[in-house]
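We count ligands from 1, going down the list as the structure has it; atoms in each ligand are counted the same way.
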Amino acid sequence: MKRVAIVTGGTRGLGKAISIALHEQGYRVAAVYHSNADSAQAFREATAIDIYQWDVSDPEACQAGIAQVQGELGQVDILVNNAGVTSDAVLHKMTVQQWSNVIQTNLGSMFNMCHGVISGMRERAFGRIVNISSVNAQKGQFGQANYAAAKAGILGFTKSLALESAHKNITVNAVAPGYCDTDMVAKVPKETLQAIIAGIPVGRLGKPEDIARMVAFLVHEDAGFITGATFSINGGQHME
Ligand code: CAA
């Protein structure tokens with residue numbers, strides 16, 4: 001039977017490419033979206049991948065959404081926590097709401113989603129979790145104290161859950177993408193973005209498929225010795 005994979009933020013940007021890559025590898029994919037119903041519907045029509053709507057920052061919505069996926073598609077063996085938002089501002093201009101919205105969506109969702117699937121994975125002694133962090137977690141970014149804090153939090157979360165889960169054949173890894181050609185990056189002011197691209201040694205933005213390829217590799221049955229790791233995919237912009 002096909003393994004079931006949930007991809008949050010799975011109908012646009014990086015998540016869309018990840019959903020498609022997993023679908024093409026033969027997984028049964030549930031692509032979760034939050035607010036952009038039109039693009040989710042277009043995604044569904046173009047790919048025939050199942051779409052689900054809920055807010056990953058809301059613990060109860062995650063519980064209900066995961067239960068619905070399990071009822072309709074089967075037990076969840078693969079989780080890709082990709083959903084994320086930006087709300088950039090320098091700290092002295094950042095509101096409490098900008099801070100908490102980004103922390104709750106980008107980091108709170110790690111708890112909400114992993115908590116919902118981890119017991120089942122433990123019982124079945126198989127699981128693959130991939131959490132999408134960012135180059136800006138690793139190097140910091142002017143105007144992103146909220147985003148960088150959340151994305152760096154993901155790295156500690158990933159390692160801790162990896163330690164707790166390794167003996168159950170559940171791997172937990174993080175992927176830290178650099179600047180990719182997505183709607184999120186398109187919001188960066190043009191001149192700032194040009195300066196950022198000038199600092200990327202490969203000389204271009206990443207393609208969503210560059211990230212999806214790594215995620216597909218990590219969720220594979222044969223990737224069981226890879227856990228607690230962070231994979232930087234940033235065109236050489238930041239090396240550590
Ligand atoms: N380093 C140093 N100084 C900087 C700077 C930087 N990177 N960016 C701006 N400044 C300076 C400006 O030159 C300006 O200086 P002066 O006042 O002396 O002219 C001052 O800071 C204020 O700049 P702004 O007018 O731009 O300030 P603002 O409050 O209007 O906007 C901002 C600030 C929202 C952070 C804006 O600069 C911005 O959007 N920057 C892009 C942030 C970014 O890269 N976000 C990534 C989004 S994509 C993503 O997150 C995906 C991923 O994982 C990679």
Determine, counting only non-hydrogen atoms of the protein, whether one lies under 4.0 angstrom from [atom].
atom	value
atom 7 (N) of ligand 1	yes
atom 17 (O) of ligand 1	no
atom 14 (C) of ligand 1	no
atom 43 (C) of ligand 1	yes
atom 39 (O) of ligand 1	yes
atom 26 (O) of ligand 1	no
atom 1 (N) of ligand 1	yes
atom 53 (O) of ligand 1	yes

Are side-chain N/O atoms of [X] and [Y] paired as donor and acceptor at under 3.5 Å?
X	Y	value
N112	S109	no
Q104	S57	no
T158	N131	yes

Specify side chain, backbone, both or neither for [X], according to which of its non-hydrogen atoms lie closer than 4.0 Å to ligand 1.
X	value
Q144	side chain
Q141	side chain
P189	side chain

For [X], counting its heavy atoms only, list the atoms of ligand 1 lying under 4.0 Å from any of them.
X	result
M184	49 (C), 51 (C)
S134	52 (C), 53 (O), 54 (C)
T86	50 (O)

Heavy atom of the protein closest to [atom] (residue, atom name, distance):
atom	value
atom 30 (O) of ligand 1	K93 NZ, 4.4 Å
atom 35 (C) of ligand 1	G143 CA, 3.4 Å
atom 23 (O) of ligand 1	F142 CE2, 4.6 Å
atom 45 (N) of ligand 1	D88 OD2, 2.7 Å
atom 48 (S) of ligand 1	V185 CG2, 3.8 Å

Query raised in the report: Heavy-atom distance under 4.5 Å between the side chains of W54 and V32, does that happen here?
Result: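 Heavy-atom side-chain distance check passes, below 4.5 Å.
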Salt-bridged, [X] to [Y], with N to O below 4.0 Å?
X	Y	value
D77	R128	no
D88	K187	no
R204	D210	yes

Nearest heavy atoms of [X] and [Y], plus distance in Å:
X	Y	result
G9	A83	N-CB, 3.7 Å
N106	M110	O-CE, 3.6 Å
I103	A149	CD1-CB, 4.2 Å

Query raised in the report: Do side-chain atoms of K151 reach the backbone of I132 as a donor and acceptor pair under 3.5 angstrom?
Result: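 Present.
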**Report entry** I196 heavy atom under 4.0 Å from ligand 1
**Finding:**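 Checking ligand 1 against I196, which is what was asked, there is a heavy-atom contact under 4.0 Å.
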Query raised in the report: Per the side chain to side chain donor-acceptor pair (under 3.5 Å) rule, which among Q237, E240, Q138 passes with S232?
Result: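 Result for side chain to side chain donor-acceptor pair (under 3.5 Å) with S232: Q138.
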